[in-house]
Amino acid sequence: MKIVVAKTAGFCMGVRRAVELALDAPSQQRQPIYTYGPLIHNPQVLGMFVERGVTVLEEIPAKASGTVLVRAHGVPPETKQQLKDAGFTVIDATCPKVVKVQSIIKSHARKNFSVIIVGDQDHPEVVSLLGFAGEKGCVVGSLAALQALPAFEQAIVVAQTTQNQILYQQVKAWAAECRSHYKVFDTICDSTERRQTEVRRLAQEVDAVVVVGGKNSGNTRRLAEIVREAGKPAFHIETEAELDGNALRPLQSVGITAGASTPTWIIKRVVRALEQIPSHRRYGIRSLLPRLMRLALLTNLYVALGAGCLCYAAMHLQRLPTSWPAVGVAMLYVLSMHILNHLTSRAEDRYNDPDRERFYRQQKIVLTVMALSAGALGLVVAFQFGALPFWTLLVMSLLGLSYNVRLLPAGVCPTCRFRRIRDLPGSKTILIALAWGVVTAGLPALSASGGQWGVGALAVFWASATAFSRTAFFDLLDIQGDRIVGKETIPILLGAERGLILLKIVLAALLVVLLAAGWSGIFSALAFVLTICPICLWAIIGRHEQRGMLAGMQLEFMVESLFVLTGLLTFVWLLAAF
Ligand code: SF4
């Protein structure tokens with residue numbers, strides 16, 4: 001089944017900002033943490049907030065403490081003041097686009113303009129806008145209501161940001177004709193419009209569309225209606241558990257879109273669940289293949305194969321003879337560390353990849369034995385290489401083992417934020433990359449008699465940067481799930497956009513290093529061939545940016561395959577050299 005994910009699926013800018021502020025609040029602000037009214041119309045996200053200790057404040061008490069987050073719709077100025085007077089610290093998560101409308105109203109109300117708001121009287125955003133208009137504000141929900149108003153001497157007209165475009169066009173046309181002295185502002189946010197235009201186009205391309213979002217979310221329901229109007233079946237679901245396998249199985253292509261209040265982690269779960277639905281049209285090995293791929297990814301056997309391939313390529317970049325034991329050590333180390341990492345980080349997998357979390361919960365004992373045996377076997381093999389490779393691997397293994405372990409006991413330094421290595425911001429992305437670099441490129445150089453330190457160091461940089469781009473890309477895809485569990489990956493520290501720029505800089509550096517080291521003779525000519533890998537990852541990232549391609553098994557498999565590709569390219573290059 002072909003799965004196409006709409007680029008506009010999920011949080012709009014304003015909702016994303018509000019959710020991120022709410023997710024960061026428990027670790028940064030005075031407790032308890034509240035949102036003033038429900039942050040968004042999505043029961044799963046609201047449930048997740050309760051788990052994180054963020055609850056909804058419906059009434060403002062006379063006296064209180066803690067932090068209150070004002071949601072994206074905003075609040076009237078007097079409500080904000082009331083919250084402060086009660087003793088709360090207020091975090092204003094009002095969407096910048098709503099703030100802009102508030103400022104327009106505020107500045108004109110001061111100059112005695114009447115303020116006409118085209119919107120729904122009871123909508124929280126309209127309530128907040130009205131608060132800035134003071135006594136001169138009024139709300140109209142239709143053209144007839146606007147026409148029924150008296151003619152004001154001076155007035156402005158603004159729209160609720162999610163107002164219907166067609167109605168507002170009519171309002172503008174009438175005002176231009178009958179109240180030409182009114183100042184009319186274009187305040188409708190184009191996020192909803194773009195989402196609807198895209199789903200209309202998507203419905204033409206696929207057999208059916210799965211619409212993900214709260215059943216009580218108006219904008220999500222509208223997306224489902226648009227799909228049906230286009231003559232295609234629409235499946236409106238809140239979570240992957242509601243997917244109708246029988247109805248979806250015969251389909252060849254399925255589109256996925258989501259309302260403005262649907263988080264990426266729920267969309268990703270739906271993508272993964274859809275990938276698990278076996279197609280009617282696949283028989284024999286074709287139906288088995290996705291399951292084998294999934295098993296290879298879940299057990300980390302495919303990642304380990306990738307590490308072995310990277311090691312094989314690193315040896316030949318350095319003109320070292322093939323050492324199959326070194327390839328084995330790289331595979332065993334990566335297998336062991338990645339399994340242990342997933343066993344001890346099930347909290348984030350619960351959001352980013354619930355299937356993996358379930359697998360690790362159910363197979364805990366088998367996987368623990370597998371991880372420890374692989375780690376021990378790797379050390380035994382490395383012992384044959386000599387003292388330095390052995391101790392290097394031992395240190396790397398201890399670092400890996402202690403990554404999720406509390407190094408500072410609860411009683412010691414109660415105010416310390418950093419109790420485990422993983423608490424250090426960005427540590428996951430950097431340490432995984434370094435460990436891959438040392439094990440796949442450094443150990444072969446240390447264990448070979450003809451290894452050179454300078455060339456080895458450059459090979460470690462190449463392998464680390466390659467592993468960094470893989471991990472940083474996955475971190476970008478998992479940014480919301482990681483934020484929920486309070487993990488500080490590099491994309492969370494820098495923000496998604498700057499994280500993406502950093503990733504591209506690393507890929508560009510990889511290309512430059514390979515070309516320069518190949519051209520100067522530091523690396524073998526294999527360096528030129530291996531430039532294919534960063535170029536491929538750049539292409540995958542470009543496609544991800546273009547179409548909003550989300551993490552699914554196919555994407556994960558594709559990225560991991562780039563490591564296998566380094567081994568295949570090396571093998572072909574060696575064959576061609578003979
Ligand atoms: S729909 Fe537009 S105005 Fe409303 S929160 Fe989202 S980005 Fe802001």
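As the structure lists them, so they are numbered: ligands from 1, and atoms in each ligand from 1. Throughout, numbering of the chain's residues begins at 1 and tracks the sequence.
Ile256 pairs in a side-chain contact (heavy atoms from CB on, under 4.5 Å) with only one of the listed residues (Val209, Leu274, Val4), which is Leu274.
With Ser128 contributing its side chain and His73 its backbone, the two residues share a donor-acceptor pair below 3.5 Å. Tyr36 places no side-chain N or O within donor-acceptor distance of the main-chain N or O of Val75, the cut-off being under 3.5 Å. Judged by distance alone, the side chain of Thr67 and the main-chain N or O of Arg30 form a donor-acceptor pair under 3.5 Å.
Closest to atom 7 (S) of ligand 1 among all protein heavy atoms lies Gly14 N, 3.5 Å. The protein heavy-atom contact nearest to atom 4 (Fe) of ligand 1 is Thr161 OG1, 3.9 Å.
Annotation for ligand 1: atoms under 4.0 Å from non-hydrogen atoms of Cys189 are 1 (S), 2 (Fe), 3 (S), 7 (S). Every atom of ligand 1 is numbered from 1 in the order shown, and the set under 4.0 Å from a heavy atom of Cys95 is 3 (S), 5 (S), 7 (S), 8 (Fe).
Between the side chains of Thr94 and Gln102, no donor-acceptor pair of N or O atoms lies under 3.5 Å.
Atom 8 (Fe) of ligand 1 has no N, O or S atom of Cys12 under 2.8 Å away, backbone or side chain.
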